[in-house]
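All values reported here derive from a predicted model rather than from experimental measurement.
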Amino acid sequence: VAFREGRMTVQDEASQLVVELLDPQPGERVLDACAAPGAKATAIAERVGDAGQVIALDRNERRLGLVARDAARLGLDNLRVLRADASAAEIEGLDAAPFDRILVDAPCSGLGALRRNPDARWRVQPEAIAQLAGVQRAILDAVAKRLRPGGTLVYSTCTLCPEENDDVVNGLLASTPELRRASEAAIPPSLRSLVGSDAVLRCWPQHHDTDGFFAARLERSS
């Protein structure tokens, strides 16, 4: 009953920590570049409140419908869904106004969630890792330029593969001088024990009893 009435949402703890790392504030404009199925997008919308706005992108129309359905269930009128390819140089339907915060919860191999989806070990082929890393980097390149000066970008995956995680972030920082890793002071106090000096949150199933997650917090220079 509580779920149907929009009084609760079910979400893995590590997934919740990604939004905690993004730390959206009331009244802010936020882009969730790979939003489906929507748990993070709706959590962001709850935090920015009625004065804020969340644009939830996804290129899969069916999965984007899940985001819209959850937003309606939770009564979130400040969340707008938009079918678009976040990796495109010009994202169709997205206006030019910059965002205060951007979340890229990127499509990935999902190998950090094997305890929930054990069949992934048979579906993910070795060559897929490099292909996914290319998609992840393309999305970051496309959306990073839409971040306002002083804004925050969080890149996250539910995989433990360095090719999809650290290598992607390091490549982005090397080619985008206006981006930098967040300072320790910028990390929400509740997460400082879990976030390293590299501004990365790493969740390990064997240590934290969560899905395996990677999330890096970056900032654009003012």
Side-chain angles (χ1 to χ4, degrees), residues 11-25 28 30-34 39-41 43-44 47 86 99-117 120 124 129-130 132-141 143-145 147-222:
Q11 190 178 15
D12 184 82
E13 185 178 5
S15 185
Q16 295 176 48
L17 294 178
V18 172
V19 175
E20 186 76 14
L21 185 63
L22 183 67
D23 196 24
Q25 297 298 307
E28 289 187 329
V30 182
L31 174 66
D32 186 347
C34 308
K40 295 183 185 69
I44 294 168
R47 290 189 176 218
F99 290 90
D100 299 297
R101 298 179 198 257
I102 295 176
L103 173 62
V104 177
D105 185 38
C108 69
S109 59
L111 296 177
L114 285 179
R115 65 177 188 160
R116 298 182 189 276
N117 303 291
V124 178
I129 303 300
L132 286 163
V135 172
Q136 293 153 359
R137 179 59 192 277
I139 293 171
L140 286 170
D141 287 342
V143 304
K145 60 188 177 184
L147 187 65
R148 69 163 173 81
T152 297
L153 185 153
V154 167
Y155 169 73
S156 68
T157 70
C158 58
T159 188
L160 305 175
C161 298
E163 298 91 341
E164 298 180 76
N165 293 337
D166 296 282
D167 292 357
V168 170
V169 171
N170 290 338
L172 175 69
L173 292 173
S175 65
T176 316
E178 63 269 27
L179 289 179
R180 60 173 182 255
R181 296 180 186 273
S183 66
E184 182 179 354
I187 303 299
S190 60
L191 291 181
R192 288 177 187 167
S193 64
L194 296 173
V195 175
S197 59
D198 56 357
V200 171
L201 168 73
R202 303 175 198 272
C203 292
W204 301 89
Q206 70 272 30
H207 295 312
H208 303 113
D209 193 27
T210 67
D211 287 347
F213 255 84
F214 171 98
R217 176 166 165 152
L218 310 178
E219 298 172 344
R220 183 173 180 177
S221 57
S222 301

Rounded distance [0.5 Å steps], CD1 in I187 versus OG in S193: 11.5 Å

D211 versus P205, closest heavy-atom pair with distance: C-CG, 4.1 Å

Check: V168 and Y155 side chains under 4.5 Å, non-hydrogen atoms: yes

Close side-chain approach of L218 and L173, heavy atoms under 4.5 Å: yes

Short side-chain to backbone donor-acceptor contact, R202 and G212, under 3.5 Å: no

P107 side chain reached by I139 side chain, heavy atoms, under 4.5 Å: yes

Least distance between heavy atoms, F99 atom then L31 atom: CD2-N, 3.5 Å

More than 12 heavy atoms of other groups within 6.0 Å of E184 CD: no

Donor-acceptor under 3.5 Å (S175 side chain, L172 main chain): yes

Gap separating the CG atom of L140 from the CG atom of L153, nearest 0.5 angstrom: 6.0 Å

Distance-minimising heavy-atom pair for C34 and V104: SG-CG1, 4.5 Å

Residues that T210 engages under side chain to side chain donor-acceptor pair (under 3.5 Å), provided they are two or more places apart: none

Taking every non-hydrogen atom, the tightest pair across V124 and S109: CG2-O, 3.5 Å

Considering all heavy atoms, the nearest C203-L160 contact: O-CD2, 4.1 Å

Residues in side-chain contact (heavy atoms from CB on, under 4.5 Å) contact with C108, at least two apart in sequence or another chain: Q136, T157, C158, T159, E164

Validation row: I44, E28 side chains within 4.5 angstrom (heavy atoms): no

Flag if over 12 foreign heavy atoms under 6.0 Å of CD, E13: no

side-chain contact (heavy atoms from CB on, under 4.5 Å) between L17 and F213, worked out: CA-CA 9 Å; L17 294 178; F213 255 84; over 6 Å; no

N/O donor-acceptor pair under 3.5 Å between D166 side chain and P162 backbone: no

Salt bridge (Lys or Arg N to Asp or Glu O under 4.0 Å), paired with D100, selected from R220, R148, R47: R148

Pairing residues for D209 by the side-chain contact (heavy atoms from CB on, under 4.5 Å) criterion, not counting sequence neighbours: R115

From CG (L201) to CG (L194), nearest 0.5 Å: 6.0 Å

Test item: L147 and E178 side chains (from C-beta on) under 4.5 Å apart, heavy atoms: no

E219 side chain to R217 backbone, donor-acceptor under 3.5 Å: no

Derivation and outcome, side-chain contact (heavy atoms from CB on, under 4.5 Å), residues E163 and L132: CA-CA 9 Å; E163 298 91 341; L132 286 163; over 6 Å; no

